[in-house]
Amino acid sequence: MDALSLLLLPAARPARPALHLRDAAAAAAARPRLLSTSVAAVAAETPRAEDAPSASGKEERFDWLDQWYPVAPVCDLDPGAPHGKTVLGLRIVAWFDRTTAAADGGGGEWRVFDDSCPHRLAPLSEGRVDDKGRLQCVYHGWCFDGRGACQFIPQAPALGPAVHKNSKACVASYPCVVQNNILWFYPRSEPEYKEILQRKRPPYIPQIDDPSFVTVYGVRDLPYGYDVLVENLMDPAHVPYAHKGLMRTRKKEDPGRYFDKEGGGPLKMEIEETNVEGFLSMLDRGFFKFDDQGKEKKKKQPTVMLVFLCIPVSPGRSRLVWAFPRNVGVWMDKIIPRWYYHIGQNAILDSDIYLLHIEERNFATVGLDNWQKACYVPTSSDNMIITFRNWFRKYCKHQIGWATPITNQLPPTPSKDQLLDRYWSHVMQCTSCSGALKKMKALEVALQVASVAVVGFLAVAKGTVVTSVVQRSAVVAAAVLCFAASRWLANFIEKNFYFQDYVHAYK
């Protein structure tokens, strides 16, 4: 089986890191990077990012705004409604423009705008796509075409001045493109960036478009920042402990060492190619690459990849978009719905959310400038994390390049049920999970109605249709089964679509 591959990406204007193992500090607005895991690794000290001077002799900085950021998998975007997102502190709205269908004979295309109507700054993401295929602000009905130009102002007299043609009536439009079945956008709306696709494109994963592969997509908003998210995904040593009971790990022979029941052990890693674009890390079971581009394997082999796109949302907030392309067990995709995969993936994310949320606040207390003094990281398994923190310090000064003026302050810690909330952080953004939830709720109500109806039938039919003890027992059993099934389903819905605590002490 091929090495594990992870692609992580940042998100909006100022310089930002992407998540591959080449750009050890990007998160949402920066270029995406690729992490892959392949065999061969030697324990070696991780080189400090500062030790590698740039060829020009000038200080290099990661440009968070000169990156492509993922908005969402297209399968989770309803073309009939606008979708609001926040990336690098920038509020955007994605919508499907059908006005181009009539113009060029196509089926329309996705657009990304500022999520703010120029009239009174109401959010366009709360609007609708009207019957002419335009984006309509539902506050006063202003309508915009795919270029961001205002096409109609209901309050303007038909025979009066064409006030809708004024440049102030336009909405900022960002370059965007669908690639690998994911909608990407570039966080610069100035005219000089209109043709940015000719200069640079989003990172491309050839396996996702390979017809011999199937890909499962997912998205989750997380209550901790981009740098903590990237750091956590670069840390395979935490898996047997933080995700105990959810992910199995192999025990590896290491003479003279006692193994605990979780199966943790030494991980030998060697860091290579560290620069402003990221870094490559070799480890004993593969390699991680924090990088902008993935290289296609010439020889096809059984492959399972993990592609993670990390997006900075705001201080203390990040978003993870994932894709799991594989060319093994392809038939399973025809019978297993996407929401079923998400149950396990969300449980894994839940199991370390609280740890990382509190860890981020502890980092803030000691100061990221003191990270290496405050954290004791003596083993080779920490090499990627050390390299990432060095990269983040050298090329980003420990800061995300937010696209808008923002107070770089962590929000207060909410209750645990809010931290581990699944509905707002995932279900409402996922067409598969939201559809499954709707059907399960309908089934739950149907089972409850059926149980009441069966009891009512027994009362009405007593002494007439239902005469024997066996018949009455069967009717009562049916009512009990319907009620029990509705209670079980209600519990299943609560745990998998709303909230389920993860208590490490009992795992």
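As the structure is a computational prediction, the values presented were derived from the model and not from experiment.
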Chemist: Ignoring hydrogens, what is the shortest heavy-atom contact between Asn180 and Pro203? Give both atom names and the distance.
Modeler: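 Scanning both residues completely, I find the closest heavy atoms to be OD1-O, 4.0 Å.
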Chemist: Per the salt bridge (charged side-chain N to carboxylate O under 4.0 Å, His left out) rule, what does the pair list look like for residues 149-175, sequence neighbours excluded?
Modeler: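 Pairs touching residues 149-175 that pass the test: none.
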Chemist: Give the intermediate values and the outcome of side chain to side chain contact (heavy atoms under 4.5 Å, CB included) for residues Val71 and Trp184.
Modeler: CA-CA 6 Å; Val71 177; Trp184 301 78; over 6 Å; no
Chemist: The criterion is side chain to side chain contact (heavy atoms under 4.5 Å, CB included); which residues satisfy it with Val366, sequence neighbours excluded?
Modeler: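 Only Ala374 meet the side chain to side chain contact (heavy atoms under 4.5 Å, CB included) criterion with Val366.
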Chemist: Side chain to side chain contact (heavy atoms under 4.5 Å, CB included) with Cys176: which residues, sequence neighbours excluded?
Modeler: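 Side chain to side chain contact (heavy atoms under 4.5 Å, CB included) list for Cys176, sorted by chain: Val112, Leu183, Phe185.
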Chemist: Without swapping roles, check the side chain of Lys200 against the backbone of Asp66 for a donor-acceptor pair under 3.5 Å.
Modeler: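 Between the backbone of Asp66 and the side chain of Lys200 there is a qualifying donor-acceptor contact (under 3.5 Å).
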Chemist: Hey, does Trp95 have a side-chain heavy atom less than 4.5 Å from the side chain of Arg128?
Modeler: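 With C-beta onward as the side chain, the pair stays apart.
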Chemist: Answer yes or no: is there an ion pair linking Glu192 with Lys194, defined by an N-O contact shorter than 4.0 Å?
Modeler: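 Salt bridge flag = no for Lys194 with Glu192.
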Chemist: Would you indicate whether the side-chain heavy atoms of Val171 and Cys117 approach each other to under 4.5 Å?
Modeler: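 No. Closest side-chain heavy atoms not under 4.5 Å.
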Chemist: Are side-chain heavy atoms of Arg326 and Val216 found at a separation under 4.5 Å?
Modeler: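 Arg326 reaches Val216 side chain to side chain.
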Chemist: Which atom names give the shortest non-hydrogen contact between Val313 and Ser318, and what distance separates them?
Modeler: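 Distance-wise, the nearest heavy atoms are CG2-C, 3.6 Å.
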Chemist: Do the side chains of Trp322 and His342 get nearer than 4.5 Å, heavy atoms only?
Modeler: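 When only atoms from C-beta onward are counted, Trp322 and His342 do touch, with a gap below 4.5 Å.
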Chemist: Please name all residues satisfying side-chain hydrogen bond (donor to acceptor under 3.5 Å, both in side chains) with Asn496, sequence neighbours left out, ordered by chain then number.
Modeler: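 Applying side-chain hydrogen bond (donor to acceptor under 3.5 Å, both in side chains) to Asn496 gives none.
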Chemist: Is the backbone of Phe497 close enough, under 3.5 Å, to the side chain of Arg422 for a donor and an acceptor to pair up by distance?
Modeler: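 No, Arg422 side chain to Phe497 backbone: no donor-acceptor pair under 3.5 Å.
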Chemist: Can you tell me how far apart CG (Asn346) and CD1 (Ile353) are? Round to the nearest 0.5 Å.
Modeler: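 Going from the CG atom of Asn346 to the CD1 atom of Ile353 covers 8.5 Å.
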Chemist: Please check: side-chain N/O of Thr215 versus main-chain N/O of Ala323, any donor-acceptor pairing under 3.5 Å?
Modeler: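 Checking the backbone N and O of Ala323 against the side chain of Thr215, no donor-acceptor pair under 3.5 Å is found.
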Chemist: Atom CD1 of Ile182 and atom SG of Cys75: how far apart are they, to the nearest 0.5 Å?
Modeler: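 Those atoms lie 9.0 Å apart.
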Chemist: Would you sort out whether Tyr423 and Leu437 count as a side chain to side chain contact (heavy atoms under 4.5 Å, CB included), showing the intermediate values?
Modeler: CA-CA 10 Å; Tyr423 182 78; Leu437 175 61; 3.8 Å; yes
Chemist: Pairing donors with acceptors under 3.5 angstrom, does anything connect the side chains of Thr431 and Arg338?
Modeler: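 The answer is yes; a qualifying pair exists.
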Chemist: Under a 4.5 Å cut-off applied to non-hydrogen side-chain atoms, are Pro325 and Val307 in contact?
Modeler: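 Yes, their side chains come closer than 4.5 Å.
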Chemist: Can a donor-acceptor pair be found, under 3.5 Å and without considering hydrogens, that links the side chain of His83 to the backbone of Asp78?
Modeler: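 Side chain of His83 to backbone of Asp78: a pair is present.
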Chemist: Taking all non-hydrogen atoms of both residues, which atom of His426 and which atom of Cys433 are closest, and how far apart?
Modeler: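 Closest pair (atom of His426, atom of Cys433, distance): NE2-SG, 3.2 Å.
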Chemist: Could you report the tightest heavy-atom contact between Asp97 and Gly146, atom names first, then the distance?
Modeler: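 Here Asp97 and Gly146 meet closest at OD2-CA, 3.2 Å.
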Chemist: Below 6.0 angstrom between ring centroids: does that apply to His504 and Tyr502?
Modeler: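 Here the rings of Tyr502 and His504 have centres that are less than 6.0 Å from each other.
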Chemist: State whether Arg220 and Asp350 are salt-bridged, where the test is any N-O pair (Lys NZ or Arg NE/NH1/NH2 against Asp/Glu carboxylate O) under 4.0 Å.
Modeler: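 Answer for the salt bridge query: yes.
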Chemist: Under the side chain to side chain contact (heavy atoms under 4.5 Å, CB included) rule, collect the residues that match up with Ser116, sequence neighbours excluded.
Modeler: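 Checked Ser116 against side chain to side chain contact (heavy atoms under 4.5 Å, CB included); matches are Leu121.
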Chemist: Does any non-hydrogen side-chain atom of Pro70 lie less than 4.5 Å from one of Ile311?
Modeler: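 When only atoms from C-beta onward are counted, Pro70 and Ile311 do touch, with a gap below 4.5 Å.
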Chemist: Show which side-chain atoms of residues 413-420 pair as donor or acceptor with protein atoms under 3.5 Å away, not counting sequence neighbours.
Modeler:
unit_1: Thr413; atom_1: OG1; unit_2: His357; atom_2: NE2; d: 2.9
unit_1: Thr413; atom_1: OG1; unit_2: Arg361; atom_2: NE; d: 3.3
unit_1: Ser415; atom_1: OG; unit_2: Asp417; atom_2: OD1; d: 2.3
unit_1: Ser415; atom_1: OG; unit_2: Gln418; atom_2: OE1; d: 3.1
unit_1: Lys416; atom_1: NZ; unit_2: Asp501; atom_2: OD1; d: 3.2
unit_1: Gln418; atom_1: OE1; unit_2: Ser415; atom_2: N; d: 3.2

Chemist: Counting N and O atoms only, with roles assigned by atom type, does the side chain of Asp421 sit under 3.5 Å from a partner on the main chain of Trp424, one being a donor and the other an acceptor?
Modeler: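 A pair under 3.5 Å: yes.
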Chemist: Sorted by first residue and then second, give each salt bridge (charged side-chain N to carboxylate O under 4.0 Å, His left out) pair with at least one member in residues 173-185; sequence neighbours left out.
Modeler: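 Salt bridge (charged side-chain N to carboxylate O under 4.0 Å, His left out) check on residues 173-185 returns no pairs.
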Chemist: At what distance, to the nearest 0.5 angstrom, does CZ of Phe213 lie from CD of Gln207?
Modeler: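 Going from the CZ atom of Phe213 to the CD atom of Gln207 covers 5.0 Å.
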Chemist: Can you classify the ring geometry of Tyr186 versus Tyr193 as parallel (below 30°), tilted (30 to 60°) or perpendicular (above 60°)?
Modeler: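 Tyr186 vs Tyr193 ring planes: tilted.
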Chemist: Using ring-ring contact (aromatic ring centres under 6.0 Å, His included) as the criterion, list what pairs up with Trp339, not counting sequence neighbours.
Modeler: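 Checked Trp339 against ring-ring contact (aromatic ring centres under 6.0 Å, His included); zero matches.
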Chemist: Got a sec: does the CZ of Phe492 have more than 12 other heavy atoms crowding it under 6.0 Å?
Modeler: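 Yes, CZ of Phe492 has more than 12 neighbouring heavy atoms, counting only those of other groups under 6.0 Å.
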Chemist: For residues 142-162, which residue pairs qualify under ring-ring contact (aromatic ring centres under 6.0 Å, His included), counting only residues two or more places apart or in two chains?
Modeler: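 Of all non-adjacent pairs touching residues 142-162, those that pass ring-ring contact (aromatic ring centres under 6.0 Å, His included) are His119-Trp142.
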Chemist: Tell me if the OH atom of Tyr354 is crowded by more than 12 foreign heavy atoms within 6.0 Å.
Modeler: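 Result for OH/Tyr354: open.
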Chemist: Is Glu359 close to Tyr224 at the side-chain level, that is, under 4.5 Å between some pair of heavy atoms?
Modeler: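 With C-beta onward as the side chain, the pair stays apart.
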Chemist: Does atom CD of Gln409 have more than 12 heavy-atom neighbours, drawn from other residues, nucleotides or ligands, at distances under 6.0 Å?
Modeler: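 For Gln409, atom CD is not crowded (no more than 12 foreign heavy atoms under 6.0 Å).
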Chemist: Can you give each donor-acceptor pair under 3.5 Å made by side-chain atoms of residues 440-448, sequence neighbours left out, with the distance rounded to 0.1 Å?
Modeler:
unit_1: Lys441; atom_1: NZ; unit_2: Tyr498; atom_2: OH; d: 2.8
unit_1: Glu444; atom_1: OE2; unit_2: Arg487; atom_2: NH2; d: 3.2

Chemist: Who are the side chain to side chain contact (heavy atoms under 4.5 Å, CB included) partners of His238, not counting sequence neighbours?
Modeler: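 Checked His238 against side chain to side chain contact (heavy atoms under 4.5 Å, CB included); matches are Asn232, Asp235, Ala242, His243, Asp352.
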Chemist: Which heavy-atom pair separates Trp110 from Val74 by the least distance, and what is that distance?
Modeler: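 Taking every non-hydrogen atom into account, NE1-CG1, 4.0 Å.
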Chemist: Are any of the side-chain nitrogens in Arg389 or Asp227 under 4.0 Å away from the carboxylate oxygens of its partner?
Modeler: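 Yes, this pair counts.
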Chemist: Are Lys85 and Gln429 linked by a side-chain donor-acceptor pair shorter than 3.5 Å?
Modeler: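 Short answer, yes.
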Chemist: Taking all non-hydrogen atoms of both residues into account, name the closest pair between Ala169 and Cys150 and its distance.
Modeler: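 Shortest heavy-atom contact: O-CB, 3.3 Å.
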Chemist: Between Asp114 and Ile92, is there a donor-acceptor pair closer than 3.5 Å when you use the side chain of the first and the backbone of the second?
Modeler: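 No; zero donor-acceptor contacts below 3.5 Å.
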Chemist: Could you tell me if the side chain of Val214 sits less than 4.5 Å from the side chain of Phe324, heavy atoms only?
Modeler: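 No; the side chains remain at least 4.5 Å from each other.
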Chemist: Regarding His398 and Asp369, is there a side-chain donor-to-acceptor distance under 3.5 Å anywhere?
Modeler: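 Side chains of His398 and Asp369: pair found under 3.5 Å.
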Chemist: Sub-3.5 Å donor-acceptor pair from the side chain of Gln500 to the main-chain atoms of Glu494, do we have one?
Modeler: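 Between the backbone of Glu494 and the side chain of Gln500 there is no qualifying donor-acceptor contact (under 3.5 Å).
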Chemist: Nearest 0.5 Å, please: how far is CD1 in Ile153 from CG in Asn166?
Modeler: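 With rounding to 0.5 Å, CG (Asn166) is 8.5 Å from CD1 (Ile153).
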Chemist: In terms of side-chain heavy atoms, does Gln151 have a donor or acceptor partner in Arg134 at a distance below 3.5 Å?
Modeler: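 There is no such pair between these side chains.
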Chemist: Which residue pairs pass the salt bridge (charged side-chain N to carboxylate O under 4.0 Å, His left out) test when at least one of the two sits in residues 140-153, sequence neighbours left out?
Modeler: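 Output for this query lists Asp145-Arg147.
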Chemist: Indicate yes or no for a side-chain donor-acceptor contact from Glu126 to the backbone of Val138 under 3.5 Å, with no hydrogens or angles considered.
Modeler: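 Checking the backbone N and O of Val138 against the side chain of Glu126, no donor-acceptor pair under 3.5 Å is found.
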